Amino acid sequence: NAGVTQTPKFRILKIGQSMTLQCAQDMNHNYMYWYRQDPGMGLKLIYYSVGAGITDKGEVPNGYNVSRSTTEDFPLRLELAAPSQTSVYFCASGRNKETQYFGPGTRLLVL
Amino acid sequence: RKEVEQDPGPFNVPEGATVAFNCTYSNSASQSFFWYRQDCRKEPKLLMSVYSSGNEDGRFTAQLNRASQYISLLIRDSKLSDSATYLCVVIKAAGNKLTFGGGTRVLVKP
């Protein structure tokens, strides 16, 4: 099993550009989550999903969108990149909410 | 007040020593508690769950104090490889969200 994979590993965006952060898992997990982690800080939940077709907002959803058309994939969309979105983005999945497996992260720099 | 709070550290620990640190949570409805470990520039990984009766996994002991609303992690016989940031995670009984603390950084030195 590859576990949780994220692409790209690193990206530089200009202000106002859009991009999609990809996340995929091959463990047949229903629960999937997107977090962001700013330097020296803990993780903040952006969006989560408890199954295909179901998504819900987390603590910091503004400026982001998600979709969950399949069990395996949970992409995160940034429509108009802003410097405040410079962060490390982690995707996680789990069979339940208690145990989460994280991907390696995507480092995003918005200039 | 933050929902989950941790001393950011760093805790500088001589190799072989014992270190302990706490995590406080504000919501008494919190049900499940975990410790995650995060190495520098890496993803968090589950270290251990925290049960009401406390639990031990090798050199690591986690405890829960519901009355005072905190959980603790104790590391015995610290190894250089224990250097990491330890994240406290709290889950409420209702809902599907995890709340992470800001992390406690531990540096084990020879």
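Just so it is clear: chains get the letters A, B, ... in the order the sequence lines come, proteins before strands, and each one is counted from 1. All values reported here derive from a predicted model rather than from experimental measurement.
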Taking only residues at least two apart or on different chains, which pairs with a member in residues 60-72 of chain B satisfy salt bridge (charged side-chain N to carboxylate O under 4.0 Å, His left out)?
none

Would you say A:Phe10 ends up clustered with A:Leu111 if hydrophobic residues are merged whenever their side chains have heavy atoms under 4.5 Å apart, either directly or through other cluster members?
yes

Should A:Leu13 and A:Ile46 be regarded as members of a common hydrophobic cluster, given that ILVMFWY residues are connected when their side-chain heavy atoms come within less than 4.5 Å of each other, either directly or indirectly?
yes

Scanning both residues in full, the closest heavy-atom pair of B:Pro44 with A:Phe102 reads O-CD1, 3.4 Å

Does A:Leu76 belong to the same Ile/Leu/Val/Met/Phe/Trp/Tyr cluster as A:Val4, with side-chain heavy atoms less than 4.5 Å apart forming each link?
no

Should A:Phe74 and A:Phe90 be counted in the same cluster of Ile, Leu, Val, Met, Phe, Trp and Tyr side chains packed under 4.5 Å apart?
no

Are B:Val89 and B:Val4 co-members of a hydrophobic cluster defined by side-chain heavy atoms under 4.5 Å apart?
no

Count the heavy-atom pairs under 4.5 Å between each of A:Gly58, A:Gly103, A:Ala92 and chain B, then report the option with the highest count.
A:Gly103

Check: every donor-acceptor pair under 3.5 Å linking chain B and chain A:
{"from": "B:Tyr36", "atom 1": "OH", "to": "A:Gln100", "atom 2": "N", "distance (Å)": "3.2"}
{"from": "B:Gln38", "atom 1": "OE1", "to": "A:Gln37", "atom 2": "NE2", "distance (Å)": "2.9"}
{"from": "B:Gln38", "atom 1": "NE2", "to": "A:Gln37", "atom 2": "OE1", "distance (Å)": "2.9"}
{"from": "B:Arg41", "atom 1": "O", "to": "A:Arg107", "atom 2": "NH2", "distance (Å)": "3.3"}
{"from": "B:Ala93", "atom 1": "O", "to": "A:Lys97", "atom 2": "NZ", "distance (Å)": "3.3"}
{"from": "B:Gly95", "atom 1": "O", "to": "A:Lys97", "atom 2": "NZ", "distance (Å)": "2.6"}
{"from": "B:Asn96", "atom 1": "O", "to": "A:Tyr33", "atom 2": "OH", "distance (Å)": "2.7"}

Tell me, side chain or backbone of A:Leu45 under 4.5 Å from chain B's heavy atoms, or both, or neither?
side chain

